[in-house]
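These notes concern the structure reproduced below.
Note that this is a predicted model, so its numbers are computed, not measured. In what follows, every heavy atom counts, from backbone to side chain, and hydrogens, waters and symmetry copies are set aside. First the proteins, then the strands, lettered A, B, ... as listed; each starts at 1.
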Amino acid sequence: MSPSKVRVRFAPSPTGMLHVGNARSALFNYLFARKYKGKFILRIEDTDIERSEVLYIDEIYHDLKWLGLDWDEGPDIGGENGPYRQSERRDIYKTYLKKLQTNDLAYTCYCSAEELEIRRKDAIQNGQAPRYDNRCRHLTDEQIKKFEQEGRKPVIRFKMPEENIVVKDLIRGDVEFDHQLIGDFVIFKSDGGPSFHFAVVVDDIEMKISHVIRGEDHLPNTPRHIALFHAFGCELPLFAHMSMTMGPDGTRLSKRHGATSVNQYRELGYLPDAFSNFLALLGWSPGDDREILTRDELIDLFSIEGMTKSSAIFGIDKLNWMNGMYIRQAPIDKLTRLAIPYLQKGGYYPNGVNESEFVWISKVVDAVRGYLNCLSEIPQHAALFMNEEVEIEEASVEFIRSDEGQKVLQLFQSKIESMDTVDIDAFKSVLKDIQGELDVKGKQLYMPLRIALTGKKEGLELHVAVALLEKKKILQRIQTAQARPLI
RNA sequence: GGCCCCAUCGUCUAGCCUGGUCUAGGACGCUAGAUUCUCAUUCUAGAAACACGGGUUCGAAUCCCGUUGGGGCUACCA
């Protein structure tokens, strides 16, 4: 690979939120560019004026930045080969169209969508390839005049060459396509804009793209693109069609599978490094057993050879595990900053967090991080610290209503009352004293206190929880528990 | 329907190109145990796969063919 010559692009269309499958595509292009010290280019394919929305362009920027995929050329930062929005490149497409027309490689087609549809159905019914029959290739002047008078809005089609086309794919090897199965396709739509196929090729030429790394769904389109490259007399980029991302049931990942867009995962509190680490392992492998990989390692290890041919299912279980690993390993200050918005969503700290609160919150976050799959789960785990009272589950009431439990609570209360602060050591020694004085230990000792203070039978180690609770709250909860009637 | 791609534990994958070292390795999840006041974490152990059928070969997860299954494309959507 000749470095510095590598130029790859991610070319989403702004017709919706950034899909995780597209994000993976962006990630692989990014890793490839960074690995070979090349350029990663962002191009917005908004030729579908009906469905494209500016709002989604901003979402794409946001999501890519969140994932840490910074681009070297793009609509927002410019570059030598701009503009980078297809809607702003109309003149360029017109110029390229002229080249085709000069060489008699394009023609006007007046077939209506309805006519096309009828012929398509016929072809399928007769067991034939549903391709355009090229019938407008040789229209007489009279026919053209007649169609124009009928007010038909024409399209412009490209004359497909009469020879088979072999796609040399870096992942799949040589794939041959029968030219007879591909009809002359539309390069300019009746709205006057370029079609996807045409715009892609023109842009890849103009932007000097060296490698086209995209989803496998584009493989059958590639012969059309290759024909266009040839028609323009341009060298081909290298193609790599990567496997697709599927839902848990093996069908195309869609809304019925749950969250499918990057912003949803961001909002659920997945960490960008964890998310991209997970995405990288979908359809790619470093070749050894490593799984938790830093961005630099990913860049260093990435190769097209390591890419899988078969499609991969987006499995949330492994993502959760991986995100949990990142959450447990993250610097606590950083994690706390990320966690605070979720606490606020849970109703805590509506007016922000001051410095001393931050310190305390970071201790809480540190205490509960072992339980988290993602940050949005944090309020439910932090509630026992944040709330004034705890709700005692019915199933646990017996622990605080038993005679033994009541004794433990009472003794604990009297010992705590005389103390200034309750830290881990103090709590442990208090428990030791109670154990000696009442001759209780294990569950009999811990459970009444656990239930009184946290409301639940399970949860973090009691001394960790107690050390984070104010003395006032501790006493209050003990009192409430003592007064709790048995139902 | 036609064309194209793909096929290793439930899932992500290593191995396949350059057949023997594969009684097929790792990870998630699952099960059990250890630790612990409990749950989670952590650690240890376990169950779990070469889709099927032919062929080539002394020998096939690895090469070839077929079948089946899955996916994609077949748009004036990208």
Discussion item. Please classify the nucleic acid contact of A/K443 as base, sugar-phosphate, or nothing, using heavy-atom distances under 4.0 Å.
Written reply: sugar-phosphate
Worksheet item: Is there a donor N/O on one and an acceptor N/O on the other, under 3.5 Å, for the side chain of A/S310 and the base of B/rC6?
Response: no
Fill in: Side-chain ion pair, A/R43 and A/D204, N-O less than 4.0 Å
yes
Practice prompt. Select from A/Y371 and A/C111 the residue whose nearest nucleotide in RNA chain B is closer to the 5' end of that strand.
Written response: A/Y371
Discussion item. Side chain of A/I313, heavy atoms from C-beta onward: which of B/rC12, B/rG1, B/rG25 has the nearest atom to it?
Written reply: B/rC12
Worksheet item: Looking for any heavy atom pair under 4.0 Å, which part of the strands does A/R214 touch: base, sugar-phosphate only, or nothing?
Response: nothing
Discussion item. Classify A/T15 by what it touches in the nucleic acid, base, sugar-phosphate, or nothing, heavy-atom distance under 4.0 Å.
Written reply: nothing
Discussion item. Considering every strand and a 4.0 Å limit on heavy-atom distances, what is the contact class for A/H241: base, sugar-phosphate, or nothing?
Written reply: nothing
Worksheet item: Side chain of A/K318: nearest nucleotide among B/rC37, B/rC77, B/rA27?
Response: B/rA27
Practice prompt. Could you check whether A/T251 gets within reach of a base, just the sugar-phosphate, or nothing at all, counting any heavy atom under 4.0 Å?
Written response: sugar-phosphate
Worksheet item: Is A/S190 touching bases, backbone alone, or none of the nucleic acid, heavy atoms closer than 4.0 Å?
Response: base
Worksheet item: Using the rule for Phe, Tyr, His and the six-membered ring of Trp, do A/Y446 and B/rC37 stack at under 5.5 Å and under 30°?
Response: yes
Discussion item. Does A/R51 reach a base, just sugar-phosphate, or nothing at all? Heavy atoms under 4.0 Å.
Written reply: base
Worksheet item: Checking all strands, does A/M246 fall into the base, sugar-phosphate, or nothing category for heavy-atom contacts under 4.0 angstrom?
Response: sugar-phosphate
Worksheet item: Does a sphere of radius 6.0 Å around NZ in A/K473 hold more than 12 heavy atoms from other residues, nucleotides or ligands, not counting ones at 6.0 Å or beyond?
Response: yes
Discussion item. Closest approach to the side chain of A/R120, judged atom by atom: which nucleotide of B/rC77, B/rA75, B/rG71 is it?
Written reply: B/rA75
Practice prompt. Give A/L445 one of three labels, base, sugar-phosphate or nothing, depending on what nucleic acid heavy atoms sit under 4.0 Å from its own.
Written response: nothing
Practice prompt. Select base, sugar-phosphate, or nothing to describe what A/V175 touches, counting heavy atoms under 4.0 Å on all strands.
Written response: sugar-phosphate
Worksheet item: Does the side chain of A/W71 reach to within under 4.5 Å of the side chain of A/Y61, using non-hydrogen atoms?
Response: yes
Practice prompt. May I ask you to say what A/R328 touches in the nucleic acid, namely base, sugar-phosphate or nothing, with a heavy-atom cut-off under 4.0 Å?
Written response: sugar-phosphate
Discussion item. Using the rule side chain to side chain contact (heavy atoms under 4.5 Å, CB included), only one of A/L100, A/L97, A/V155, A/T108 pairs with A/F188; which is it?
Written reply: A/L97
Item to complete: Might you work through the ring pair (Phe, Tyr, Trp, His ring centres under 6.0 Å) test for A/W284 and A/F28, ending with a clear yes or no?
Response: CA-CA 9 Å; A/W284 173 79; A/F28 286 144; 7.1 Å; no
Discussion item. Once you apply a heavy-atom cut-off of 4.0 Å, does A/E45 come out as touching a base, just sugar-phosphate, or nothing?
Written reply: sugar-phosphate
Item to complete: Pick base, sugar-phosphate or nothing for A/D288, based on heavy-atom distances below 4.0 Å to the nucleic acid.
Response: nothing
Worksheet, complete the sentence: Ranking B/rC28, B/rU42, B/rA78 by distance to the side chain of A/M325, first place goes to B/rU42
Discussion item. Is there a side-chain contact between A/F239 and A/K168 in this structure, where contact means two heavy atoms from C-beta onward sitting under 4.5 Å apart?
Written reply: no
Worksheet item: B/rC37 base to A/R450 side chain: any donor-acceptor pair below 3.5 Å?
Response: yes
